*Asks:* 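Before we start, here is the structure in question, set down as structure tokens.
Residue numbers run from 1 in the order of the sequence given. Values reported hereafter were calculated over all heavy atoms of this structure, with side chains retained and with hydrogens, waters and symmetry mates removed. Small disclaimer: the values here were computed from a predicted structure and weren't measured.
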Amino acid sequence: MSPTKCATARPPLQEENSTLHNDGRYLGKAFEDVHKKSEVEKLKLHVPSESAKSIEHKQNECNSTGASPDQKPSAPETIKKSLLPLTAKVSEPQKMVKAKSNRRKVQGTKSPNRKVTDYFPVRRSGRKSKKELETEEKKRIDDLILCGKEEGMKVDILIGKGRGVIATRNFQRGEYVVEYHGDLIETTDAKRREALYAQDSSTGCYMYYFQYLNKTYCVDATKETTRLGRLINHSKNGNCHTKLHDINNVPHLILIASRDIEAGEELLYDYGDRSKSSIEAHPWLKN
């Protein structure tokens with residue numbers, strides 16, 4: 001210490017030290033406040049804005065009232081409390097979704113298998129099968145044969161042929177035309193009758209031989225009747241052909257349209273006799 005300086009120079013130092021000492025308390029408190037504010041600002045980055053504002057509001061209230069930091073809850077605890085309703089709100093919908101999915105699984109396992117017919121009625125086709133149509137056609141022909149109906153034709157006198165049968169309506173291909181009606185006899189009886197008919201040249205021959213179940217039969221239509229099938233003339237290119245039709249195991253010889261026949265046409269079919277004796281006796285068999 002220099003002698004030139006007065007002794008009163010030290011009191012300011014004491015005052016400065018005292019002020020520093022006193023100011024240190026305020027500085028420490030200010031440092032704590034700054035530190036807390038920095039923590040709050042850090043938490044704002046991870047916490048929603050509403051919870052951060054509530055924390056700042058509580059912090060300002062505490063600072064204004066002068067309460068000590070020990071008396072208020074810490075910042076992490078307040079954040080947890082503020083986040084509790086948010087986490088609860090997030091977890092509740094997830095639980096609801098899981099519950100709904102579990103309900104759907106349970107319902108899916110309990111529900112039976114469904115068919116299309118459970119929702120839509122079965123549509124039945126009105127069309128008949130081929131077998132049904134054939135059965136109905138056979139029954140119709142059976143009735144016509146047993147009743148002796150012969151419709152759609154008439155007898156006419158033809159030049160060079162004598163009597164013949166003319167169609168009075170159209171016949172479709174495959175349609176039943178008429179029965180070759182006569183006495184159904186076996187071969188032995190047919191040969192005896194044929195020899196008898198040969199003795200009279202005016203009688204003519206109306207005998208038709210055919211095979212049925214490996215046995216030969218004959219339809220003798222020589223006797224004069226009103227049935228028209230016996231009067232249909234011969235032609236190799238006829239518009240009809242013969243066919244066997246069974247009724248209760250009894251064969252019937254019928255004529256079927258080989259093609260479409262128009263009204264006014266003569267009904268013809270091939271007799272099928274190619275023997276020399278027959279051709280000599282009946283030259284028209286060549287045609």
*Asks:* Answer whether the closest heavy-atom distance between the side chains of E137 and I141 falls below 4.5 Å.
*Replies:*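 The answer is yes; the side chains approach within 4.5 Å.
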
*Asks:* Rounded to the nearest 0.5 Å, what's the gap from CD1 on I185 to NZ on K191? Could you check?
*Replies:*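 Between atom CD1 of I185 and atom NZ of K191 there are 10.5 Å.
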
*Asks:* Should we say atom NZ of K243 is surrounded by more than 12 heavy atoms from elsewhere, each under 6.0 Å from it?
*Replies:*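 At most 12 heavy atoms, drawn from other residues, nucleotides or ligands, come within 6.0 Å of this atom.
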
*Asks:* Give the cluster check for V178 versus L184: same hydrophobic cluster or not, with ILVMFWY residues linked at side-chain heavy-atom distances below 4.5 Å.
*Replies:*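 Same cluster: V178 reaches L184 through Ile, Leu, Val, Met, Phe, Trp or Tyr contacts under 4.5 Å.
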
*Asks:* Is there side-chain contact between I232 and Y180, with at least one heavy-atom pair below 4.5 Å?
*Replies:*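 No, their side chains stay 4.5 Å or more apart.
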
*Asks:* Taking a hydrophobic cluster as the set of Ile, Leu, Val, Met, Phe, Trp and Tyr residues connected by side-chain heavy atoms closer than 4.5 Å, whether directly or through intermediates, do Y206 and Y217 fall within one such cluster?
*Replies:*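 Per the 4.5 Å side-chain linkage, Y206 and Y217 are co-clustered.
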
*Asks:* Which pairs would a plain distance check flag for residues 147-157, meaning a side-chain donor or acceptor within less than 3.5 Å of a matching protein atom at least two apart in sequence or in another chain?
*Replies:*
residue: E150; atom: OE1; partner: L228; partner atom: N; Å: 2.9
residue: E150; atom: OE2; partner: R227; partner atom: NE; Å: 2.9

*Asks:* Output yes when R127 and E132 qualify as a salt bridge under the 4.0 Å nitrogen-oxygen rule, no when they do not.
*Replies:*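 Not counted as a salt bridge, because no side-chain N and carboxylate O are separated by less than 4.0 Å.
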
*Asks:* Compare all side-chain heavy atoms of Y176 with those of I145 and state whether any distance is below 4.5 angstrom.
*Replies:*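 In contact.
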
*Asks:* Closer than 3.5 angstrom, by distance alone: can the side chain of N233 be matched with the main-chain N or O of R163 as a donor-acceptor pair?
*Replies:*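 It does hold such a pair.
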
*Asks:* Within the distance-only criterion (no hydrogens, no angle test), does the side chain of D220 pair as donor or acceptor with the backbone N or O of T222 below 3.5 angstrom?
*Replies:*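 Flag set: sc D220 to bb T222 pair under 3.5 Å.
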
*Asks:* Same hydrophobic cluster for V219 and L244, using side-chain heavy-atom links shorter than 4.5 Å among ILVMFWY?
*Replies:*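 Hydrophobic grouping puts V219 with L244.
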
*Asks:* Closer than 4.0 angstrom, basic N to acidic O: yes or no for E136 and K139?
*Replies:*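 No, E136 and K139 are not salt-bridged.
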
*Asks:* How long is the span from the OG1 atom in T135 to the CZ atom in R140, to the nearest 0.5 Å?
*Replies:*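 These two atoms lie 14.0 Å from each other.
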
*Asks:* Would you say CD of Q172 has more than 12 non-hydrogen atoms from neighbouring residues, nucleotides or ligands within 6.0 angstrom?
*Replies:*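 Open.
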
*Asks:* Are any non-hydrogen side-chain atoms of K223 and D183 less than 4.5 angstrom apart?
*Replies:*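 When only atoms from C-beta onward are counted, D183 and K223 do not touch, as no gap falls below 4.5 Å.
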
*Asks:* Looking only at the aromatic ring of each residue, does the gap between the centers of Y269 and Y271 stay below 6.0 angstrom?
*Replies:*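 Y271 vs Y269: aromatic centres under 6.0 Å.
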
*Asks:* Scan the side chains in residues 253-262 for donor-acceptor partners under 3.5 Å anywhere in the protein, sequence neighbours excluded, and list what turns up.
*Replies:*
residue: S258; atom: OG; partner: H241; partner atom: N; Å: 3.4
residue: S258; atom: OG; partner: H241; partner atom: ND1; Å: 2.8
residue: R259; atom: NH1; partner: E265; partner atom: OE1; Å: 3.4
residue: R259; atom: NH2; partner: E265; partner atom: OE1; Å: 2.9
residue: D260; atom: OD1; partner: R173; partner atom: N; Å: 2.8

*Asks:* Taking C-beta and beyond as the side chain, do E179 and H245 meet within less than 4.5 Å on heavy atoms?
*Replies:*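 Result no, sub-4.5 Å side-chain heavy-atom pair not found.
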
*Asks:* So that I can tick it off, tell me whether R193 and D189 are bridged by a salt bridge, with the cut-off set at under 4.0 angstrom between side-chain N and carboxylate O.
*Replies:*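 The answer is no: the pair does not qualify as a salt bridge.
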
*Asks:* Can you give me the closest heavy-atom contact between L267 and A167, atom names plus distance?
*Replies:*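 Scanning both residues, the minimum pair turns out to be CD2-CB, 4.1 Å.
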
*Asks:* For the atom pair CD1 (I247) and CG (N249), what is the distance rounded to the nearest 0.5 Å?
*Replies:*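 Interatomic distance, I247 CD1 to N249 CG, rounded to 0.5 Å: 11.0 Å.
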
*Asks:* With rounding to the nearest 0.5 Å, note down the distance linking CD in E266 to CG in L158.
*Replies:*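 One finds 4.5 Å between CD of E266 and CG of L158.
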
*Asks:* Would you say that N239 contacts F171 through its side chain, given a criterion of any heavy-atom pair below 4.5 Å between the two side chains?
*Replies:*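 No, their side chains stay 4.5 Å or more apart.
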
*Asks:* Do you reckon V250 sits in the same ILVMFWY cluster as Y209, going by side-chain contacts under 4.5 Å, direct or chained?
*Replies:*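 Result: no, two separate clusters.
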
*Asks:* Minimum heavy-atom separation for H181 and A221, please, with both atom names.
*Replies:*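 Looking at all heavy atoms of both residues, the shortest contact is O-CB, 3.3 Å.
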
